Number of protein chains: 2
Amino acid sequence: MDKIVDGADADRSPTPATEPTSRPARRQRRVSMADVARLAGVSSQTVSRVSNGHPGVVEDTRQQVLAAMKQLGYRPNSAARALKSGEFRTIGVILFTLSTTGNVRTLEAIANSAAEQGYAITLLPVAAPTQDQVRGAFTRLGELAVDAIIVIMEVHLLDAATFTLPPNVSVVVMDSDAGDRYSVVDTDQAGGARDAVRHLLDLGHETVWHVTGPQDSFSAQRRTDAWRAALEEAGRPVPPPLPGDWTAESGYRAGLRLAREPECTAVFAANDQMALGVLRALHEHGRAVPDEVSVIGFDDIPDSNSFIPPLTTIHQDFAEVGRRCVEGVLRQLRTDTMERGTTLVPTWMVRRESTAPPPSGR
Amino acid sequence: MDKIVDGADADRSPTPATEPTSRPARRQRRVSMADVARLAGVSSQTVSRVSNGHPGVVEDTRQQVLAAMKQLGYRPNSAARALKSGEFRTIGVILFTLSTTGNVRTLEAIANSAAEQGYAITLLPVAAPTQDQVRGAFTRLGELAVDAIIVIMEVHLLDAATFTLPPNVSVVVMDSDAGDRYSVVDTDQAGGARDAVRHLLDLGHETVWHVTGPQDSFSAQRRTDAWRAALEEAGRPVPPPLPGDWTAESGYRAGLRLAREPECTAVFAANDQMALGVLRALHEHGRAVPDEVSVIGFDDIPDSNSFIPPLTTIHQDFAEVGRRCVEGVLRQLRTDTMERGTTLVPTWMVRRESTAPPPSGR
DNA sequence: GTGGGCGGTGACAACGTCGTCATGGGATAC
DNA sequence: GTATCCCATGACGACGTTGTCACCGCCCAC
């Protein structure tokens, strides 16, 4: 706070930074339809029709109204519009954090899809996944000007808040197994994880070690379950999973332990960031990737192509997930129904340079 | 689109994925104050007072109203409230992309600060920085239910849209030198870049090479300018800057060229992602970091601690920037004034393992 | 020439909330 | 016991927009 510099650095700047200065107030009462109507010499009803592109306004009148709108800088008041129409044309997105790439990519896709449909996105971040935080967010949510809600978090955490989602609001949830109670859209976590494991087994590895995501994430759970199932299905030993929390740092810690396991030749990290940490740990301990140890991630974040070595990973189609979320929520809104069930979006593997057959042909 | 799998994967799932099913409509007309008032046997005015925590309601009555509200699941209608009060308690954020870490971190900080102040965030993404896109966004923006706007983009691009920001809306801009026309909050780009260069010079490097951000980014421009100025100030040769676009991939391409410059011992990448690409390129060409070449980044993204080697970088205080943006915009809103000038938030260096003195003592 | 129909426009009400003012009843002080 | 004051509550209207319906004038058909 006290370290803030105002207007420093004037010596070198092309445009010298200046002290913030106040200007005289400039905000006058907002211009309403009535004002436009008066200027154009018509009724406000006609202004409304022009504003909404309704037919039944003669071209001459229309031009006059448009001119008046422009002259006064008229902007329709969306509050009044929403009050009358009962819809805000806004979708609320509730999520814990923008720190994980998955959330961000999904949010971006949601925002773009929503924009295409003429909907805006209202962000509802929950700082920390504590009960109080979530409850607070949902109390605010209740008053929020949204027609629908997309929840990007494990639904258990919602339940923990002893707060049910506002009634009369359509909801789509991600990262959840609550398909029996909500409409859920998700990446095919199981399929992706299975592909990852099979890829490594196909390369000739005896088994695959696993760095998990956080326990309370359904996605993480699913990936771990599928990893175990794929190994068991192939009749391979199942090494103890190493706990992670999506961060590169936790991946590094897990990687330190893996580096000490001489029989470990293949690792499946539950996301790319943790894979990054694993790569560093292995590198620091002189375990060459992929010659000695293969590493595969999950997500296909843009940076993963620049890891050392470039990471083989499971691509998530975030754009499709986002699109499906928006579609789902708007469909419920329009048909006035509530849907349940799970929609899965497939993944695919992106093979780069971090996976190879195990050393000495094995 | 046609690759989407609905309800697949039922074999292994703890909760089998199911086909989305429709339920009978469940949405009834929303309950209003009048409904609550009727049930509680009071006037809607009293409900209003309870709802807003206004004094002058006897405890007994209050409890009755609260009970009625709970029973009916009453949620205040924010449209009506906004219409009456003239404010939405919402801040619009317009940005191009959520692909760069800086934007995301800033957005997150803005969202958190805004939430603290009881404001929601409405996201206004602009898919591509073409004139049409921006103009479209701003047209929508004009009708948007926001009290204020924070622009996270170079203001030149706004101007290109031949569209002025809606009048009567307070605005704060980031990544811009338009402090003479708007209120601008920014990281002290110049200071940070200067620190980065000086750090490398202090280590004994003859000069510092530079991978730039995109041309149309003011932040990138500033970092490049400060890099050049710091070198000139020290009387060092100024190598040709290598163009980048914030992505790791572009950093890799620049790194390939740097790897071929034998006299290059120190690199300043304009962000951490590009530094990641540089690290890979150097690694692939057998140029050891930091023993042969030092690399410094800018941003201090969480992953940078897990790069190989962990990256020395300039920390940006995104939280502070976000807070200042929100503060600025709300201050303008409350005082009904328009501010101009630039506020700079200082950076600091985080020293990790990617920088060291140049080889052979030089 | 007159009646019917239709297209363009305006008047009015209502959406849900909250500020303002009015009202009524109870408590306090004499 | 009565006058005064205050506090709790209610009635009413307005915020800006839009749906509904009424209206007016014109054109066309008979």
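Note that the coordinates shown come from a computational prediction; the quantities given were computed from them, not determined experimentally. Letters go in sequence order (proteins before strands), and every chain restarts at 1.
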For atom [atom1] of [X] and atom [atom2] of [N], their distance in whole Å:
| X | N | atom1 | atom2 | result |
| --- | --- | --- | --- | --- |
| B:F88 | C:dT17 | CZ | P | 16 Å |
| A:L83 | C:dA13 | CG | C1' | 13 Å |
| B:D35 | C:dT17 | CG | C1' | 13 Å |
| B:H54 | C:dT20 | NE2 | P | 11 Å |
| A:D60 | C:dT9 | CG | P | 9 Å |
| A:E87 | D:dG19 | CD | C1' | 15 Å |
| A:M69 | D:dG16 | CE | P | 17 Å |
| B:R89 | C:dT17 | CZ | P | 17 Å |

Notebook entry, point to check: Taking C-beta and beyond as the side chain, do B:V345 and B:D186 meet within less than 4.5 Å on heavy atoms?
Noted result: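 Sidechains of B:D186 and B:V345: no contact.
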Margin query: With each end axis built from five pairs of C1' atoms, what bend angle do you get for the helix from C:dG1-D:dC30 to C:dC30-D:dG1? Round to 10°.
Written below: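 That helix has its two terminal axes inclined by roughly 50°.
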Under the side-chain contact (heavy atoms from CB on, under 4.5 Å) rule, collect the residues that match up with [X], sequence neighbours excluded.
| X | answer |
| --- | --- |
| B:S44 | B:M33, B:A37 |
| A:S43 | A:Q45, A:T46 |
| B:A67 | none |

Note to self: Testing the 3.5 Å rule here: is there a donor-acceptor pair between the side chains of B:T122 and A:T122?
What the structure shows: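 Indeed, the side chains of B:T122 and A:T122 share at least one donor-acceptor pair under 3.5 Å.
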Next item on the list: Can you measure from OH (A:Y182) to CD (A:E339) and round to the nearest 0.5 angstrom?
Entry: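 Here the rounded value is 15.0 Å.
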Using atom types as modelled, flag every donor-acceptor pair under 3.5 Å from a side chain in residues 50-61 of chain A to any protein atom, sequence neighbours excluded.
{"unit_1": "A:N52", "atom_1": "OD1", "unit_2": "A:R81", "atom_2": "NH2", "d": "3.1"}
{"unit_1": "A:E59", "atom_1": "OE1", "unit_2": "A:R62", "atom_2": "NE", "d": "3.3"}
{"unit_1": "A:E59", "atom_1": "OE2", "unit_2": "A:Q63", "atom_2": "NE2", "d": "2.7"}

Notebook entry, point to check: Between D:dC15 and A:N77, is there an OP1 or OP2 to side-chain N/O distance shorter than 4.0 Å?
Noted result: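 No, outside the criterion.
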Notebook entry, point to check: Under 4.0 Å between a side-chain N/O of B:N52 and OP1 or OP2 of C:dT17, yes or no?
Noted result: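 For C:dT17, OP1/OP2 do not have a side-chain N/O of B:N52 under 4.0 Å.
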Margin query: Quick one, A:I91 with A:D147, criterion side chain to side chain contact (heavy atoms under 4.5 Å, CB included). Give me CA distance, side-chain angles, the key distance, then yes/no.
Written below: CA-CA 6 Å; A:I91 300 172; A:D147 303 315; over 6 Å; no
Checklist line | Basic-acidic side-chain contact under 4.0 Å: B:R324, B:E320 | finding: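 Between B:E320 and B:R324 there is a salt bridge, with a charged N closer than 4.0 Å to a carboxylate O.
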Next item on the list: With DNA chain D as reference, determine whether B:K84 or B:V58 sits nearer its 5' end, using the nearest nucleotide of each.
Entry: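 Result: B:V58.
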Check: Across the strands shown, which category fits B:M33 at heavy-atom distances under 4.0 angstrom: base, sugar-phosphate, nothing?
Finding: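 If one applies the 4.0 Å heavy-atom cut-off, B:M33 turns out to touch the sugar-phosphate alone, with no base involved.
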Check: So which nucleotide from C:dT17, D:dT17, D:dG16 ends up closest to the side chain of A:Y74?
Finding: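 Nearest to the side-chain atoms of A:Y74, counting from C-beta on, is D:dT17.
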Protein-nucleic acid N or O pairs under 3.5 Å, nucleotides 10-12 of chain D:
{"unit_1": "D:dG10", "atom_1": "OP1", "unit_2": "B:S43", "atom_2": "N", "d": "3.4"}
{"unit_1": "D:dG10", "atom_1": "OP2", "unit_2": "B:S43", "atom_2": "N", "d": "2.9"}
{"unit_1": "D:dG10", "atom_1": "OP2", "unit_2": "B:S43", "atom_2": "OG", "d": "3.0"}
{"unit_1": "D:dG10", "atom_1": "OP2", "unit_2": "B:T46", "atom_2": "OG1", "d": "2.6"}
{"unit_1": "D:dG10", "atom_1": "N7", "unit_2": "B:R49", "atom_2": "NH2", "d": "2.8"}

